[in-house]
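Encoded as C-alpha cells, the structure appears first; notes follow it.
Remember, predicted model here, so these are calculated numbers, not experimental data. All chains are named by letter (A, B, ...) in the order of the sequence lines, taking the proteins before the strands, and each is independently numbered beginning at 1.
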There are 2 protein chains.
Amino acid sequence: MPRPSTTADVFSAIAEPRRRQIIDLLSRRRGVAVGTIVMLLGLPQPAVSKHLGVLRAVGIVSVSKQGQQRLYELNLEQLRPVYDWVKTFDQYWERQLDRIRAKAERRARELSSATGKTTRKKGTT
Amino acid sequence: MPRPSTTADVFSAIAEPRRRQIIDLLSRRRGVAVGTIVMLLGLPQPAVSKHLGVLRAVGIVSVSKQGQQRLYELNLEQLRPVYDWVKTFDQYWERQLDRIRAKAERRARELSSATGKTTRKKGTT
DNA sequence: TTGACATATTCCGTAAACGGAATATAATCC
DNA sequence: GGATTATATTCCGTTTACGGAATATGTCAA
C-alpha cells in the first residue's frame, strides 16, 4: 500500500504544490471560477479541474454552479488536522523564536560593548 | 511528473501517517534508537529504517552513532515550511474559534433567559 | 437545433511510493 | 576469526499519482 490516496487524506492532498497554490488563491478570494484559476496559475484547464477534483474529494473546497461556470471556495476547516498536528510543536516553535531573539539581543549587547574599541578588520580570525 | 518526491519535499514526506507517528514519537524523546521505534510502533524493522531514511533525506531527523545503535532525533526546524503555510490561515482559525465561542455564549444566554420559562419540547419548530 | 464557451472526464504513459522478503553492512562479544 | 545484534539496503510486485491530449458534458444564446 502506497501513501494514503490524495482523494482520501488531507495530508496527501496538500502534498501537491499546485494544490497548495490553488488553496492559497482561494483563501484570498471566494467564489472563484475555474477559468480564473487557470489564468492566474497558468496551468492547463484539465489539470486545474483535476486538482480541484482532489480538493473536492477531501472536502477542502466546495463548488456552486453559476451559469456555465463553477465557483469554488475554500472549506478551511477540513484543513484542521494539519493545523492541529503542526500546532503540536508550537512549544518548539516558540522556543526557536526565543533562541533567535536571545541571539539578537546578545549581538546587540556585544555591539554596544564594542563601541569605543577599535574595529576589527574583516577577515581577521 | 507525479508529486514531488518524498525525499525532496517536506510536505510529501509528512504525507505518510507512519512517518508522522515517528515524528510524534521523536518529539517526545530525543536520541531514540531504531529498535525502540520498531518496538513502540510495531512495524517491521526495514520499514522503519526506510521511513527514517526519507525523514533523514528531507532533514527532519538526524542520526548519531552510539555503539551499534543509531540514535535519531528531531530536527523540527525543517518542518517550518509546513508550519508557516498553515499559519497563513491563522486568521481563519481564530475566526472559527470566535464563532464557536460566540455560539456557546449565545447558547448560555438562551439557557439563562429560558430559566423560568417552560422548556420547549424537542422537535418543536 | 446549432454553435460557442466553461468545465469535467477518460485514456495513456511514465515515474514513484510503499510493503515484504531477503540480504548486506557494521559494531560487539567470544 | 566466527557468531550475534542493530540497522540499512536491495529487489520485486502492486498501486497510485500526475501530466497531456483528446473527448465528453453541460450551459447559454441565437
Side-chain angles (χ1 to χ4, degrees), chain A residues 1-23 25-26 29-73, chain B residues 1-23 25-26 29-73:
Chain A
M1 225 183 292
R3 240 175 324 200
S5 72
T6 59
T7 59
D9 179 65
V10 194
F11 285 91
S12 295
I14 65 164
E16 235 289 333
R18 292 148 212 267
R19 279 196 294 262
R20 289 200 302 278
Q21 277 186 274
I22 293 180
I23 292 175
L25 205 165
L26 292 180
R29 313 178 174 202
R30 5 188 333 118
V32 183
V34 179
T36 309
I37 303 177
V38 169
M39 284 197 49
L40 290 177
L41 299 191
L43 297 175
Q45 176 267 316
V48 171
S49 274
K50 278 187 273 189
H51 284 312
L52 286 171
V54 173
L55 295 175
R56 229 185 309 136
V58 248
I60 291 181
V61 303
S62 50
V63 217
S64 59
K65 307 184 186 180
Q66 166 139 336
Q68 39 187 340
Q69 321 197 81
R70 309 286 157 107
L71 303 184
Y72 279 84
E73 60 178 306
Chain B
M1 224 184 292
R3 238 174 325 197
S5 72
T6 60
T7 58
D9 178 66
V10 194
F11 284 90
S12 295
I14 65 164
E16 236 289 333
R18 293 150 209 268
R19 275 194 299 259
R20 288 201 301 278
Q21 277 185 275
I22 294 179
I23 292 175
L25 205 165
L26 291 180
R29 314 177 173 202
R30 6 189 330 120
V32 183
V34 179
T36 308
I37 303 177
V38 169
M39 284 198 49
L40 290 178
L41 300 191
L43 297 175
Q45 175 266 316
V48 171
S49 273
K50 278 188 272 190
H51 284 312
L52 286 170
V54 173
L55 295 175
R56 229 186 308 137
V58 248
I60 292 181
V61 304
S62 50
V63 217
S64 60
K65 307 186 187 178
Q66 166 137 337
Q68 40 186 341
Q69 321 197 78
R70 308 287 156 110
L71 304 184
Y72 280 84
E73 60 179 307

Inset, instruction - Pull out every residue in residues 35-48 of chain A that has a heavy atom closer than 4.0 Å to any atom of DNA chain C, ordered by number, or say none. - result: A:Gly35, A:Gln45, A:Pro46
Legend entry - Any residue of residues 62-69 of chain A with a heavy atom less than 4.0 Å from an atom of DNA chain C: A:Gln68, A:Gln69
Is the phosphate of [N], meaning OP1 or OP2, less than 4.0 Å from a side-chain N or O of [X]?
X: A:Tyr72; N: C:dA6; result: no
X: B:Arg18; N: C:dG19; result: yes
X: B:His51; N: C:dA17; result: no

Inset, instruction - Not counting sequence neighbours, list each pair that qualifies as a salt bridge (charged side-chain N to carboxylate O under 4.0 Å, His left out) and has a residue in residues 29-58 of chain A. - result: A:Arg30-A:Glu73
With respect to the side chain of [X], which nucleotide from [options] is positioned closest?
X: B:Arg19; options: C:dC18, C:dT7, D:dC11; value: C:dC18
X: B:Ser5; options: C:dA17, D:dT7, C:dT9; value: C:dA17
X: A:Thr6; options: D:dA17, C:dA21, C:dC11; value: D:dA17

Legend entry - Residues A:Gln21, A:Leu43; criterion side chain to side chain contact (heavy atoms under 4.5 Å, CB included); working and verdict: CA-CA 11 Å; A:Gln21 277 186 274; A:Leu43 297 175; 5.5 Å; no
Inset, instruction - For B:Arg70 and B:Val63, indicate whether the former's side chain and the latter's backbone hold a donor-acceptor pair under 3.5 Å. - result: no
Inset, instruction - Between B:Leu71 and A:Arg70, name the one whose nearest nucleotide on DNA chain D is closer to the 5' end. - result: B:Leu71
Does some side-chain heavy atom of [Y] sit less than 4.5 Å from a side-chain heavy atom of [X]?
X: A:Glu16; Y: A:Thr6; result: no
X: A:Ile14; Y: A:Ile23; result: yes
X: B:Leu52; Y: B:Ile37; result: yes

Without decimals, in angstroms, what is the distance between [X] [atom1] and [N] [atom2]?
X: A:Ile22; N: D:dC18; atom1: CD1; atom2: P; answer: 11 Å
X: A:Lys50; N: D:dA22; atom1: NZ; atom2: P; answer: 13 Å
X: B:Glu16; N: D:dA17; atom1: CD; atom2: C1'; answer: 15 Å

Inset, instruction - Could you tell me the separation between the CZ atom of B:Arg18 and the CG atom of B:Leu25, rounded to the nearest 0.5 Å? - result: 14.0 Å
Inset, instruction - Would you name the heavy atoms of A:Val58 and A:Ala13 that are closest together and state the gap between them? - result: CG2-CB, 3.7 Å
Inset, instruction - Dump the intermediate steps for side chain to side chain contact (heavy atoms under 4.5 Å, CB included) on B:Leu55 and B:Leu26, then the final yes or no. - result: CA-CA 12 Å; B:Leu55 295 175; B:Leu26 291 180; 5.6 Å; no
